[in-house]
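Heavy atoms only: backbone and side chains are in, while hydrogens, waters and symmetry mates are out.
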Amino acid sequence: MASVSGGVALSCPSKLSHRPSSSSSSSHRRYVFASSVKMAVSVDDKKKSYTLQKSEEAFKIAKVCLSLMGSIGTSIATELMPGGVNSPVRAFKSVGGQPILIDSVKGSHMWDIDGNEYIDYVGSWGPAIIGHADDEVLAALAETMKKGTSFGAPCLLENVLAEMVISAVPSIEMVRFVNSGTEACMGMLRLARAFTGREKIIKFEGCYHGHADPFLVKAGSGVATLGLPDSPGVPKAATYETLTSPLNDLSTVEKLFEANKGEIAAVILEPVVGNSGFIPPKPGFLNALQKITKENGALLVFDEVMTGFRISYGGAQEYFGITPDLTTLGKIIGGGLPVGAYGGRKEIMEMVAPAGPMYQAGTLSGNPLAMTAGIQTLKRLKEPGSYEYLDKITGELIHGILDAGKKAGHAICGGYISGMFGFFFTEGPVYNFEDAKNSDTAKFARFYRGMLEEGVYFAPSQFEAGFTGLAHTPEDVQRTIAAAEKVFRQI
């Protein structure tokens with residue numbers, strides 16, 4: 001890790017008058033705050049001690065900007081961003097310590113503003129499966145940007161990516177692009193209800209399907225990380241039709257169908273859970289869900305925002321040989337740019353406007369930049385040997401971490417499929433979110449902070465899966481295992 005010198009200068013000007021003077025520009029607002037982060041960075045080849053000074057200073061100003069008002073010097077505080085972040089898990093609430101602010105990424109590595117280098121196993125939460133800032137993707141984006149960044153009208157790139165998705169994912173005969181996984185799941189839910197004429201859905205505890213109101217019931221991801229049972233501001237009416245079951249518990253699902261005959265529109269799940277840690281389905285569970293939904297006239301929905309194009313080119317449904325009725329996608333199909341999609345059987349998708357009456361729209365949907373990055377990423381993934389390589393390096397990584405943890409006397413379990421993995425600080429096995437919650441989260445926090453200091457970046461929560469990519473090297477894996485052995489001895 002390279003040495004960095006220099007400081008971060010943070011400044012917040014005084015609060016302006018409540019009402020601008022007549023000479024003020026019309027662009028002024030009643031309250032104007034500004035902050036600047038000025039960094040002078042010089043890098044040398046000497047190894048330095050681990051420090052997050054610049055990250056700490058920048059994070060403080062993101063959370064609270066102090067300024068002086070009036071001659072009495074009254075101090076006021078204005079938050080620039082809630083908690084200093086734009087997505088909760090980034091705040092390190094469950095692991096403690098100073099959140100890091102990233103300056104740049106390349107391949108399998110990332111650098112923070114203090115100059116620390118990390119092997120990255122988050123990959124922007126999944127999209128960076130061929131590596132960060134891939135040269136071919138960047139070159140394609142540069143060419144596309146010459147034509148414009150957004151058209152708000154159809155473009156040929158949408159057709160290209162749509163054809164690639166449809167040819168790859170078994171369940172998708174027609175697709176609609178949107179701008180996030182949350183938006184994809186929102187559209188999917190409305191469509192499932194419109195097609196079946198029913199309102200109730202079954203979701204599984206610990207599965208996260210975005211932050212739309214109907215899904216924030218026993219959800220995973222940041223909700224699990226922060227220990228929030230449900231989110232304030234969600235009306236009871238929004239979740240009244242949401243039924244929940246533990247994952248891998250077919251008996252509960254059967255009872256829900258029996259108690260709600262003819263009322264359930266869909267069963268939705270992450271076919272391999274990543275939002276409460278890595279939890280695969282029990283053998284036969286997905287098959288049983290397919291059977292019970294068909295018998296009851298309900299739809300089976302796979303949320304493959306995380307698993308799509310990750311555990312195989314055709315996603316979890318190709319890997320397990322189970323074809324759902326509807327599928328949601330995101331992350332990888334945008335190659336690191338904001339994207340989402342939902343698709344399924346043609347007879348269902350033809351209900352979506354303008355082909356049908358189910359309305360959904362989006363200003364930036366199908367924008368040329370996301371389509372370009374997605375096309376280039378899928379081209380690379382389709383090359384022979386891609387998923388064999390992911391399986392090989394991920395297997396070496398997770399086996400190495402588990403072996404190191406057990407040799408050091410820690411209770412630990414975990415697993416992987418292709419480029420997706422996870423481990424829990426508990427003896428296991430872990431079949432659902434209740435099992436996952438038996439993990440020693442305090443120990444995970446110590447392990448996490450120790451690994452950061454050794455230059456390894458995992459997701460800052462016990463309840464998030466990890467990701468490998470084609471840019472990870474055997475050397476990355478061996479360095480990570482060596483770091484884990486050291487940290488396991490320390491904690």
Query raised in the report: Ignoring hydrogens and geometry, is there a side-chain-to-backbone donor-acceptor pair from T196 to R198 under 3.5 Å?
Result: yes
Query raised in the report: Does a side-chain heavy-atom distance below 4.5 Å link R310 with I332?
Result: yes
Query raised in the report: Quick one: do the Q317 and T327 side chains pair a donor with an acceptor below 3.5 Å?
Result: yes
Query raised in the report: Heavy-atom count around E295 CD within 6.0 Å, excluding the residue itself: above 12?
Result: yes
Query raised in the report: Could you walk me through whether T426 and C413 pass the side chain to side chain contact (heavy atoms under 4.5 Å, CB included) check?
Result: CA-CA 6 Å; T426 181; C413 67; 4.1 Å; yes
Query - Salt-bridge contact E396-K392 (side-chain N to carboxylate O under 4.0 Å) - result: yes
Requested in this report: Would you indicate whether the side-chain heavy atoms of M81 and N86 approach each other to under 4.5 Å?
Outcome: yes
Report task. Give me the ring orientation class for F447 and F458: parallel if the planes are under 30° apart, tilted from 30 to 60°, perpendicular past 60°. Result -> parallel
Query raised in the report: After noting the C-alpha distance and the side-chain angles of Y342 and E183, does the key distance pass the side chain to side chain donor-acceptor pair (under 3.5 Å) rule?
Result: CA-CA 9 Å; Y342 60 99; E183 193 179 347; over 6 Å; no
Query raised in the report: Do L329 and V305 come close enough that some side-chain heavy atom pair is under 4.5 Å?
Result: no
Query raised in the report: Going through the checks in order, is the side chain to side chain donor-acceptor pair (under 3.5 Å) test met by Y121 and S108?
Result: CA-CA 8 Å; Y121 293 105; S108 61; over 6 Å; no
Query raised in the report: At what distance, to the nearest 0.5 angstrom, does CG of N296 lie from NZ of K294?
Result: 13.0 Å
Query raised in the report: Would L157 and I375 count as a side chain to side chain contact (heavy atoms under 4.5 Å, CB included) if you check the C-alpha gap in whole Å, the side-chain angles of each, and the deciding distance to 0.1 Å?
Result: CA-CA 8 Å; L157 292 167; I375 290 166; 3.9 Å; yes
Query raised in the report: So, N248 and K282: side-chain donor and acceptor under 3.5 Å apart, yes or no?
Result: no
Query raised in the report: Can you tell me how far OG of S276 sits from OH of Y208, rounded to the nearest 0.5 angstrom?
Result: 13.0 Å
Query raised in the report: Rounded to the nearest 0.5 Å, how far apart are CE of M351 and CG of L191?
Result: 7.0 Å
Requested in this report: Could you walk me through whether Q462 and T441 pass the side chain to side chain donor-acceptor pair (under 3.5 Å) test, one step at a time?
Outcome: CA-CA 6 Å; Q462 173 71 99; T441 55; over 6 Å; no
Report task. Indicate yes or no for a side-chain donor-acceptor contact from N179 to the backbone of P338 under 3.5 Å, with no hydrogens or angles considered. Result -> no
Query raised in the report: Just by modelled atom types, is the K346 backbone N or O under 3.5 Å from a matching donor or acceptor in the E173 side chain?
Result: yes
Requested in this report: For residues V137 and R380, determine if any side-chain heavy atom of one lies less than 4.5 Å from a side-chain heavy atom of the other.
Outcome: no
Query - Sub-4.5 Å side-chain heavy-atom contact between F215 and I268 - result: yes
Query raised in the report: Does a sphere of radius 6.0 Å around NZ in K106 hold more than 12 heavy atoms from other residues, nucleotides or ligands, not counting ones at 6.0 Å or beyond?
Result: yes
Query raised in the report: Aromatic rings F425 and F423: how do their planes relate, parallel, tilted or perpendicular, breaks at 30° and 60°?
Result: perpendicular
Query raised in the report: Hey, is OH on Y240 packed in by over 12 heavy atoms from elsewhere, all under 6.0 Å?
Result: no
Requested in this report: For the pair S245 and L256, evaluate side chain to side chain contact (heavy atoms under 4.5 Å, CB included) and give the outcome as yes or no after the intermediate values.
Outcome: CA-CA 8 Å; S245 168; L256 289 173; 4.2 Å; yes
Query raised in the report: Regarding D120 and H109, is there a side-chain donor-to-acceptor distance under 3.5 Å anywhere?
Result: no
Query raised in the report: Between D391 and Y387, is there a donor-acceptor pair closer than 3.5 Å when you use the side chain of the first and the backbone of the second?
Result: no
Report task. Could you verify whether a donor N or O on one side chain and an acceptor N or O on the other, from S171 and T323, lie under 3.5 Å apart? Result -> no
Query raised in the report: Considering all heavy atoms of both residues, which atom of D213 and which atom of T239 are nearest to each other, and what is their separation?
Result: O-CG2, 3.4 Å
**Report entry** T328 to C185 - nearest heavy-atom pair and separation
**Finding:** OG1-SG, 3.8 Å
Report task. Indicate yes or no for a side-chain donor-acceptor contact from R176 to the backbone of V352 under 3.5 Å, with no hydrogens or angles considered. Result -> no
Query - Donor-acceptor under 3.5 Å (T377 side chain, A373 main chain) - result: yes
Report task. Using only heavy-atom distances, determine whether the side chains of D112 and S55 contain a donor-acceptor pair under 3.5 Å. Result -> no
Query raised in the report: What is the minimum heavy-atom distance between D476 and A471, and which atoms define it?
Result: OD2-O, 4.0 Å
Query raised in the report: Of the non-hydrogen atoms in P280 and I417, which two are nearest, and what is the gap between them?
Result: CB-CD1, 4.5 Å
Report task. Give a yes or no on whether the ring-centroid distance for F285 and F204 is below 6.0 angstrom. Result -> yes
Report summary line: From the list M358, E241, M188, side chain to side chain contact (heavy atoms under 4.5 Å, CB included) partner of R193 resolves to E241
Query raised in the report: Backbone N or O of P88 within a donor-acceptor pair of the K93 side chain at under 3.5 Å?
Result: no
Query raised in the report: Any side-chain heavy atom of F257 within less than 4.5 Å of one from I202?
Result: yes
Query raised in the report: Judged by atom type as modelled, is there a donor-acceptor pair below 3.5 Å linking the side chain of E270 to the main-chain atoms of G274?
Result: yes
Query - Evaluation steps, salt bridge (Lys or Arg N to Asp or Glu O under 4.0 Å), between E258 and K255 - result: CA-CA 5 Å; E258 184 65 27; K255 290 175 183 177; over 6 Å; no
Report task. May I ask you to decide if G126's main-chain N or O and S124's side chain share a donor-acceptor pair within less than 3.5 Å? Result -> no
Query raised in the report: Can you check whether Y359's main-chain N or O pairs, donor with acceptor, with R190's side chain at less than 3.5 Å?
Result: yes
Query raised in the report: Looking just at side-chain N and O atoms, do E304 and T307 make a donor-acceptor pair shorter than 3.5 Å?
Result: yes
Query raised in the report: Taking all non-hydrogen atoms of both residues, which atom of A465 and which atom of A459 are closest, and how far apart?
Result: O-CB, 4.1 Å
Query raised in the report: Is the F92-Y448 ring centre distance short of 6.0 angstrom?
Result: yes
Report task. For H211, look at atom NE2 and say whether over 12 heavy atoms of other residues, nucleotides or ligands are found less than 6.0 Å away. Result -> no
Report task. Please step through side chain to side chain contact (heavy atoms under 4.5 Å, CB included) for the pair V430 and F278, ending with a clear verdict. Result -> CA-CA 9 Å; V430 174; F278 176 85; over 6 Å; no
Report task. Could you pull out the closest heavy-atom pair between L141 and L369, with the gap in Å? Result -> CD2-O, 3.3 Å
Query raised in the report: Is there side-chain contact between P460 and V89, with heavy atoms separated by less than 4.5 Å?
Result: yes
Query raised in the report: Between Y416 and T468, is any side-chain donor less than 3.5 angstrom from a side-chain acceptor?
Result: no
Query raised in the report: Just how far is it from atom CZ of F195 to atom CD of E350, taken to the nearest 0.5 Å?
Result: 10.5 Å
**Report entry** Interatomic spacing from NZ in K331 to CE in M306 - rounded to 0.5 Å
**Finding:** 5.0 Å
Query raised in the report: Regarding K437 and the six-membered ring of F433, is the cationic atom NZ or CZ under 6.0 Å from the ring centre and inside 45° of its axis?
Result: yes
Report task. Taking the side chain as every heavy atom from C-beta outward, state whether V339 and S180 have any pair of such atoms under 4.5 Å apart. Result -> no
Query raised in the report: To the nearest 0.5 Å, what is the distance between CG (L299) and CG (L189)?
Result: 11.0 Å
